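Presented below is the structure to which this report refers.
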Amino acid sequence: MSLQIYNTLSRKKEVFKPLHPTHVGMYVCGPTVYGDPHLGHARPAITFDIVFRYLQHLGFKVRYVRNITDAGHLENDAEVGEDKIAKKARLEQLEPMEVVQYYTLRYHQAIEALNCLSPNIEPRATGHIIEQIEMVKQILENELAYETNGSVYLDVNKYNEKYPYGKLSGRNLEDTLENTRSLDGQDEKKSPVDFAIWKKAAPEHIMRWPSPWGEGFPGWHLECSAMSSKYLGDTFDIHGGGMDLVFPHHEAEIAQSNACNDCDPAKFWMHNNMITINGKKMGKSLGNAVNLEQFFTGNHDLLERAFAPMTIRFFILQAHYRSTVDFSNEALQAAEKGMAKLMNAYETLEGITVSDSSTYDLAELKDKCYAAMNDDFNTPILISHLFDGVRIINSVKDGTEQLSANDLDDLKQLFQTFVIDILGLKPNKEEAGNDLTNELMDIVLQLRSKAKENKDWDSADLIREELNKLNIQVKDGKEGSSWQLKN
RNA sequence: GGUCUCGUGGCCGAGUGGCUAGGCAGCGGUCUGCAAAACCGUGUACAGCGGUUCGAAUCCGCUCGAGACCUCCA
């Protein structure tokens, strides 16, 4: 079975075929760096990290581009708006690029903690002003945009005569027209549906660049069009982002690309769903967002305690990327325990004894795992199959199931591939101590064994309880005691 | 108001015309000095009302409820 991906454009799953047999180009909308990264930012980062990892596992050479938006998004409407970055800078008395730098680093730290691989290219809007200006010039030349008072607007009605506007979000121009809210200062536009691809900068606007139309800044959606075509070509394989970007952002991107290059930017449009909290979308503007750092430290009213980055990752992966996932302490704690079970089994795999034959069909498990991923990256199904593997691992350890040496190798390979390489999970706990710690623990456990031999349960229990307070869990097995750090 | 999505057992969350994922919690058991862990067993859930069908949680219609987008948002 080959990889199928749900394409927002067609609203169905399609067999994934890259434009070039061996290479895949993927562009994902990154963050606007004017605030701390929150749980909502983790979703696309993780979703497309999985896509990136799996495509590479399948043998594709992937170029993954994720932008940093550090200019161009307006706070309000086009006319009276103020650049988000500039507003924050003014409020904090900082240089705009200082704000950008700070929050870019914060974003990187949080996303790295979630074990997301770095994109191959992470372009910034402010570093591609020239490319954006060139794009505006081309669209003007193609007569699908017009200039008014130093601003340039895409002429959506004219565009719609040649290309269908609204095909990604499933709307037609009439509906869009009817439902466009009346904003102030629309008089520069021929039609309310037109959108700015270049905006004249007001005198107080500090992020500004010279252009053929005077001092200004690029329109809301232009950076992604300019940067994706620069690094991936005018048409590339996958464009990703959050569902909330479908309209107008991605719709505008499609329009800009067609207006400029006479082609759609991407073959596949992938959109991750939202994370909700009490059933409502978690969003900065809604005031219910929880920063990733707050999750890691537990420092938030909604959080009963801290949660490790890997718990967040597992929590998100337990839902399919196109479904909403509802945040709660209870759900997070369930994820934490589930992941611990999975990772413990992964470690148990190392100390397992083999038999002459197997009582379990490993090939079938492997097929199921691939089938799950091939079905539009269905990580929850994959995880459910991996828990089947967990049961086998623990049963083999208990002696109620057997694995041959070959099958054990395959199972190790399977867990390495899917748990570590593709899902990108890693044990929460620190590497289990250095040599000194290990030797000390050997001594402690020896002492405890002596106590147990002497039926000195008080001493044995005391040692166990005290170690427990140090976050060390002692487990008594048939072949002696072992220990591990708790999460 | 327009467009669209969704409503699954205590919680989270897959699936989707018949074979009834998975995790967490609960209950019973095995193991253990006791624990922990693990393993075994256990829940007959799919908002409501109609319709299609031999058969629907899954298809269609209606009702109720929730949410998303239409404005920056991941």
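Both backbone and side-chain heavy atoms feed into the values below; hydrogens, waters and symmetry mates do not. Since we're looking at a predicted model, the values are computed, not measured.
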Between A:F268 and A:Y6, is the ring-ring contact (aromatic ring centres under 6.0 Å, His included) condition met? List the steps.
CA-CA 8 Å; A:F268 283 83; A:Y6 182 88; over 10 Å; no

Describe the nucleic acid contact of [X] in one word from base, sugar-phosphate, nothing, applying a heavy-atom distance below 4.0 Å.
X	answer
A:H38	base
A:S395	sugar-phosphate
A:V325	sugar-phosphate
A:G40	base

How would you list, by chain and number, every residue that makes a salt bridge (charged side-chain N to carboxylate O under 4.0 Å, His left out) with [X], sequence neighbours excluded?
X	answer
A:D49	A:R53, A:R313
A:D388	A:R391
A:R11	none
A:K13	A:D375

Please tabulate, for the side chains in residues 459-467 of chain A, all donor-acceptor contacts under 3.5 angstrom to protein atoms that are two or more places apart in sequence or on a different chain.
| residue | atom | partner | partner atom | Å |
| --- | --- | --- | --- | --- |
| A:S459 | OG | A:D456 | OD1 | 3.1 |
| A:S459 | OG | A:D456 | OD2 | 2.5 |
| A:D461 | OD1 | A:R464 | NH2 | 3.4 |
| A:E466 | OE2 | A:K469 | NZ | 3.1 |

Could you check whether the side chain of A:R464 and the base of B:C34 have a donor-acceptor pair of N or O atoms closer than 3.5 Å, going by distance alone?
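Flag set: donor-acceptor pair detected.
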
Under 3.5 Å donor-acceptor pair, A:D461 side-chain atoms to B:G33 base atoms:
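In this structure, the two groups form a donor-acceptor pair.
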
Closest nucleotide of RNA chain B for A:I275 versus for A:V390: which of these residues is on the 5' side?
A:V390

Distance in angstrom units between [X] [atom1] and [N] [atom2], rounded:
X	N	atom1	atom2	answer
A:N288	B:A74	CG	P	13 Å
A:I381	B:A21	CD1	P	10 Å
A:D376	B:A14	CG	C1'	13 Å
A:L386	B:G13	CG	C1'	16 Å
A:N67	B:A74	CG	P	11 Å
A:H250	B:C4	NE2	P	21 Å
A:Y165	B:C70	OH	P	12 Å
A:I68	B:A74	CD1	P	11 Å

Any side-chain N or O of [X] below 4.0 angstrom from OP1/OP2 of [N]?
X	N	answer
A:T348	B:A38	no
A:R391	B:C40	yes
A:N378	B:G15	yes

Taking the [atom1] atom of each, how far is [N] from [M], in whole Å?
N	M	atom1	answer
B:G26	B:C46	P	24 Å
B:G23	B:C4	C1'	31 Å
B:G28	B:G43	P	15 Å
B:A57	B:A21	P	15 Å
B:C24	B:G13	P	16 Å
B:U8	B:C12	P	8 Å
B:A45	B:G15	C1'	13 Å
B:C69	B:G17	C1'	32 Å

Pairing residues for A:K167 by the side-chain hydrogen bond (donor to acceptor under 3.5 Å, both in side chains) criterion, not counting sequence neighbours
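Partners of A:K167 by the side-chain hydrogen bond (donor to acceptor under 3.5 Å, both in side chains) criterion, ordered by chain and then number, come out as A:D264.
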
Could you note down all residue pairs passing ring-ring contact (aromatic ring centres under 6.0 Å, His included) where residues 447-473 of chain A supplies at least one of them, sequence neighbours left out?
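Matches after skipping sequence neighbours: none remain.
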
Could you note down all residue pairs passing ring-ring contact (aromatic ring centres under 6.0 Å, His included) where residues 104-123 of chain A supplies at least one of them, sequence neighbours left out?
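Sorted pair list comes back empty.
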
Of the listed nucleotides [options], the one nearest the side chain of [X]:
X	options	result
A:N394	B:C34, B:A38, B:A14	B:A38
A:P380	B:G33, B:A74, B:A21	B:A21
A:D476	B:C34, B:A74, B:A21	B:C34

Salt-bridge criterion met for A:E336 and A:R305 (N-O under 4.0 Å):
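Counted as a salt bridge, because a side-chain N and a carboxylate O are separated by less than 4.0 Å.
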
Verdict with reasoning, A:Q402 to A:S355, per side-chain hydrogen bond (donor to acceptor under 3.5 Å, both in side chains)
CA-CA 6 Å; A:Q402 282 103 47; A:S355 307; 5.1 Å; no

With the criterion being N/O to N/O and under 3.5 Å, what pairs connect the protein with nucleotides 23-28 of chain B, and how long is each?
| residue | atom | partner | partner atom | Å |
| --- | --- | --- | --- | --- |
| B:A25 | OP1 | A:K337 | NZ | 2.7 |

Dot-bracket for RNA chain B, 5' to 3', counting Watson-Crick or G-U wobble pairs under 3.5 Å, with [ ] for crossing pairs and | for inter-strand pairs?
((((((((.[[[)....(...]]].(((((.......)))))....[[[[[..)....]]]]])))))))....

Checking A:E251 side chain against A:L168 main chain: does a donor-acceptor pair fall under 3.5 Å?
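It does hold such a pair.
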
Could you pull out the protein-nucleic contacts involving nucleotides 66-69 of chain B (nitrogen or oxygen on both sides, under 3.5 Å)?
| residue | atom | partner | partner atom | Å |
| --- | --- | --- | --- | --- |
| B:G67 | OP1 | A:K280 | NZ | 2.3 |
| B:C69 | OP1 | A:K281 | NZ | 2.1 |
| B:C69 | O2' | A:R171 | NH2 | 3.1 |

Could you tabulate the donor-acceptor pairs under 3.5 Å formed by side-chain atoms of residues 287-296 of chain A, not counting sequence neighbours?
| residue | atom | partner | partner atom | Å |
| --- | --- | --- | --- | --- |
| A:N288 | OD1 | A:G283 | N | 3.0 |
| A:N288 | ND2 | A:K281 | O | 3.0 |
| A:E293 | OE1 | A:R106 | NH1 | 2.9 |
| A:E293 | OE1 | A:R106 | NH2 | 3.3 |
| A:Q294 | OE1 | A:N291 | N | 2.8 |

Look at the aromatic rings of A:F377 and A:Y54 and report parallel, tilted or perpendicular, splitting at 30° and 60°.
perpendicular

